[in-house]
Amino acid sequence: MMLQQCRTCRRFQHYPRVLCTGCGGSELHDVPAAGTGTVDSFTVVHRAETPYTLARVRLTEGPIVLTHLIDVADPRCDQPVRLVPGREPPVFRSDDGL
């Protein structure tokens with residue numbers, strides 16, 4: 001997963017944009033995300049054939065992404081999560097050993 005970082009104010013942002021959302025700078029470059037974050041909020045969708053969990057994850061770098069959680073039986077806010085490599089769009093799983 002790649003993030004944009006502003007060369008002027010060093011702020012990270014996701015999804016990619018033409019200008020920095022922090023300072024309006026146009027010198028942006030792509031950097032790899034650490035792949036870690038915490039659950040900001042979530043909902044379990046039961047209307048599908050197989051229930052799934054949608055979550056807002058606050059990345060360690062700061063941006064928030066809307067994503068799926070997998071292999072998380074009992075999701076909760078502030079739960080540490082880790083990016084599952086090789087999945088597109090990005091999905092996360094628990095990183096707290098629970």
Side-chain angles (χ1 to χ4, degrees):
M1 173 179 214
M2 299 299 285
L3 303 175
Q4 276 187 328
Q5 186 177 31
C6 178
R7 291 186 195 277
T8 304
C9 70
R10 311 299 296 164
R11 184 182 180 134
F12 295 94
Q13 61 187 27
H14 182 75
Y15 55 92
R17 298 173 178 97
V18 174
L19 300 174
C20 173
T21 58
C23 70
S26 61
E27 292 189 43
L28 302 165
H29 65 284
D30 292 335
V31 296
T36 56
T38 56
V39 175
D40 192 49
S41 67
F42 67 93
T43 186
V44 179
V45 179
H46 292 278
R47 301 196 95 188
E49 189 172 309
T50 303
Y52 59 92
T53 305
L54 287 175
R56 277 178 32 129
V57 170
R58 181 174 301 275
L59 300 175
T60 301
E61 293 87 349
I64 295 173
V65 296
L66 184 62
T67 185
H68 284 210
L69 298 181
I70 61 170
D71 302 330
V72 179
D74 191 21
R76 65 183 193 287
C77 290
D78 295 327
Q79 181 175 23
V81 290
R82 179 169 295 278
L83 181 68
V84 176
R87 299 286 295 265
E88 193 62 41
V91 298
F92 288 78
R93 69 171 31 123
S94 176
D95 193 32
D96 62 2
L98 296 177

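Quantities reported herein were computed from a predicted structural model and do not represent experimental measurements.
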Taking ring pair (Phe, Tyr, Trp, His ring centres under 6.0 Å) as the test, write out the residues that go with His68, two or more places apart. Tyr52
Using 0.5 Å steps for rounding, measure from the OG1 atom of Thr38 to the CZ atom of Arg76. 10.5 Å
Between Arg17 and Gln4, what is the shortest heavy-atom contact and its length? N-OE1, 2.8 Å
Through direct or indirect side-chain contacts below 4.5 angstrom among Ile, Leu, Val, Met, Phe, Trp and Tyr, which residues connect to Ile64? none
What pair of heavy atoms forms the shortest contact from Pro90 to Leu83, and how long is it? CB-CD1, 3.6 Å
Evaluate the side-chain proximity of Arg11 to Cys23: yes if any heavy-atom separation is below 4.5 Å, no if none is. no
Is Leu19 reachable from Phe12 through a run of hydrophobic residues whose side-chain heavy atoms are each under 4.5 Å from the next? no
Atom pair OG (Ser41) and CZ (Arg58), whose distance is rounded to the nearest 0.5 Å: 10.0 Å
Euclidean distance, Tyr15 OH relative to Leu66 CG, rounded to 0.5 Å: 12.5 Å
Identify the two heavy atoms, one from Arg10 and one from Gln5, that lie closest to each other, and give their separation to 0.1 Å. O-NE2, 3.1 Å
Distance (rounded to the nearest 0.5 Å) between Thr36 OG1 and Leu59 CG: 7.5 Å
Less than 4.5 Å apart, any side-chain heavy atom of Glu61 and any of His14? no
Can Val81 be reached from Phe42 by stepping across I, L, V, M, F, W or Y side chains whose heavy atoms are under 4.5 Å apart? yes
Are Val57 and Val91 in one and the same hydrophobic cluster, where Ile, Leu, Val, Met, Phe, Trp and Tyr link if side-chain heavy atoms are under 4.5 Å apart? no
Should Phe92 and Val39 count as side-chain neighbours, where that means a heavy-atom distance under 4.5 Å? no
Show the nearest heavy-atom pair for residues Ser94 and Val72, with the distance to one decimal. N-CG2, 3.6 Å
Grab the two heavy atoms, one from Ala55 and one from Leu69, that are nearest each other, plus how far apart they are. CB-CG, 3.7 Å
Check Leu28 against Cys6 and note the closest heavy-atom contact, atom names and distance. CD2-CA, 3.6 Å
Sequence neighbours excluded, every pair satisfying side chain to side chain donor-acceptor pair (under 3.5 Å) that has a member inside residues 80-90: Arg82-Asp95
Can you tell me if Asp74 has over 12 outside heavy atoms packed within less than 6.0 Å of its CG? no
